[in-house]
Amino acid sequence: MSQAGQHVGEQLQLGSMPTRLFSCTPSRLTTFDCPRRYRMTYLDRPTPPRGAPWAHNTMGAVVHLALHRWWQLARAKRNPENGGWLVERHWQHDGFRDLEQSLTWRSRAKEWVEQYLRGVDADDEPVGVERTVATRTERLAVSGRVDRIDRREGELVIVDYKTGRHIPSEDDARGSLALALYALGARRTLREGCRRVELHHLPSGSVAAFEHTDESLQRHIARAEASAEDIVATTDTLAGLLSESPARTRAGENPRPPGMTAAETAVADDLFPAVPGNQCSWCDFRRNCPPGEASSRALDSWSGLAEAAG
């Protein structure tokens, strides 16, 4: 943890003051891997303009929606073909190069969903589909939405759908902060045991799984709490500096009004530095981040689709 984070932590523990819980989602925590991106996403108002929608995100969102709605169908209609129909019904063209490319990927996504559903027991009702779960630690109040929660052999299982080019491995399942927090959230919300987490990769039909232990879950909690402490410390420091700004000291003015002066933006940039690299090519805020632009190349909005698509 940074020195600033340690200082804030000491302040919160003074006297009998309760520890302030940081309310978040797993995505919010991991976004702080690049503090500049975190600031632009959650703090800057107005939010900086985002880039064009990505085709691979459009496809992934439709696949997730189709698999969600499939479980809402009457039992007699839960067949693979209707899963494919749901893909067609909800398809969007955002981010694709042209209509031809979009229709090609619609057909591919439809095939993935139909093939996946051939291996799903339509009578085995999940405990939850797109279910929000939540848990608390000494420093966090974390919640998130799980693609699917199964019950197998008396315990809950977290299922997360994947549609990207990367085929997940056991290491991906083990190292996923989101999956670990979902498991803890399912335990607290549904009052049942939950150790197993799974990544279901529709393009390959593979399943990457990991069985957590109390120790491995505790490591993820420590990681999440460390990130939260740094976020709180940095955010509080920025808020304090803005409240002391001469432009903000007029009576009755909100200490954090929309927009910042050039000098305040420079301070915010120092507190929330960019972490430049090739990954910046995929950042929605790339055009608003000079370090990100300098370290990466601009990509077409359909670049995240598998190369085999052409």
Side-chain angles (χ1 to χ4, degrees), residues 27 30-31 33-34 36-38 40-42 44 46-70 80-118 130 145 147-148 160-169 172 176 178 199-208 274-310:
S27 177
T30 55
T31 299
D33 289 347
C34 176
R36 181 73 51 81
R37 184 182 177 206
Y38 179 91
M40 291 182 176
T41 303
Y42 296 106
D44 285 358
T47 304
R50 295 175 181 266
W54 297 99
H56 65 279
N57 286 343
T58 298
M59 178 188 64
V62 172
V63 167
H64 279 71
L65 180 59
L67 292 172
H68 175 199
R69 294 287 174 84
W70 189 78
E81 291 71 30
N82 276 332
W85 171 77
L86 285 166
V87 170
E88 291 185 328
R89 178 182 180 185
H90 296 291
W91 191 254
Q92 302 289 323
H93 301 293
D94 296 341
F96 291 93
R97 181 183 59 227
D98 50 33
L99 181 60
E100 180 182 3
Q101 186 188 54
S102 177
L103 294 179
T104 296
W105 278 92
R106 185 183 70 177
S107 176
R108 185 165 300 183
K110 177 182 176 182
E111 291 176 5
W112 291 347
V113 168
E114 290 179 352
Q115 181 62 36
Y116 177 75
L117 290 175
R118 290 188 183 100
E130 293 291 333
R145 183 174 293 180
D147 291 343
R148 197 175 87 214
D160 191 55
Y161 304 128
K162 293 298 180 184
T163 59
R165 289 184 289 184
H166 172 68
I167 300 177
S169 66
D172 294 311
S176 171
L199 295 169
H200 291 205
H201 187 243
L202 272 73
S204 66
S206 66
V207 174
V275 181
N278 292 333
Q279 74 280 358
C280 295
S281 293
W282 304 102
C283 181
D284 289 335
F285 298 109
R286 179 181 178 275
R287 62 175 173 166
N288 303 293
C289 179
E293 279 195 311
S295 65
S296 62
R297 63 187 181 92
L299 297 174
D300 293 319
S301 61
W302 57 88
S303 297
L305 302 172
E307 294 178 357

Visitor: Looking at every heavy atom in both A109 and V63, which two are closest together, and how far apart are they?
Guide: CB-CG2, 3.9 Å
Visitor: Would you tell me whether S296 and R286 have side-chain atoms, one donor and one acceptor, within less than 3.5 Å of each other?
Guide: yes
Visitor: Please report whether the ring centroid of W85 lies less than 6.0 Å from that of H90.
Guide: no
Visitor: Between CG of L202 and CD of E114, what distance do you get to the nearest 0.5 Å?
Guide: 11.5 Å
Visitor: Is the shortest heavy-atom distance from the side chain of C283 to the side chain of R37 under 4.5 Å?
Guide: yes
Visitor: When rounded to the nearest 0.5 angstrom, what distance separates CZ in R165 from NE2 in H201?
Guide: 10.5 Å
Visitor: Do W112 and Q115 have side chains that approach each other closer than 4.5 Å (heavy atoms only, starting at C-beta)?
Guide: no
Visitor: Do W282 and S303 come close enough that some side-chain heavy atom pair is under 4.5 Å?
Guide: yes
Visitor: Quick one: closest heavy-atom pair of H200 and R148, and the distance?
Guide: CE1-NH2, 4.0 Å
Visitor: Please name the pair of heavy atoms, one in T163 and one in M59, separated by the smallest distance, quoted to 0.1 Å.
Guide: O-CE, 3.9 Å
Visitor: Can you see which heavy atom on D98 is nearest to which on Q101, and at what distance?
Guide: OD1-N, 2.8 Å
Visitor: State which residues pass side-chain contact (heavy atoms from CB on, under 4.5 Å) with D284; sequence neighbours excluded, sorted by chain then number.
Guide: R50, W54
Visitor: Looking at every non-hydrogen atom in both residues, tell me the closest pair between P168 and K162 and how far apart they are.
Guide: CG-CG, 4.2 Å
Visitor: Assert yes or no for the condition that the ring centre distance of W91 to F96 is strictly below 6.0 Å.
Guide: yes
Visitor: So, D172 versus H166: side-chain donor-acceptor pair below 3.5 Å or not?
Guide: yes
Visitor: With rounding to the nearest 0.5 angstrom, report the CG to OG distance, L305 to S102.
Guide: 9.5 Å
Visitor: If I compare all heavy atoms of M40 with all of T47, which pair ends up nearest, and what's the gap?
Guide: O-CG2, 3.5 Å
Visitor: I would like to know whether L117 and N82 meet side-chain contact (heavy atoms from CB on, under 4.5 Å); could you show each step before the answer?
Guide: CA-CA 10 Å; L117 290 175; N82 276 332; over 6 Å; no
Visitor: Who passes salt bridge (Lys or Arg N to Asp or Glu O under 4.0 Å) against R287, sequence neighbours left out?
Guide: none
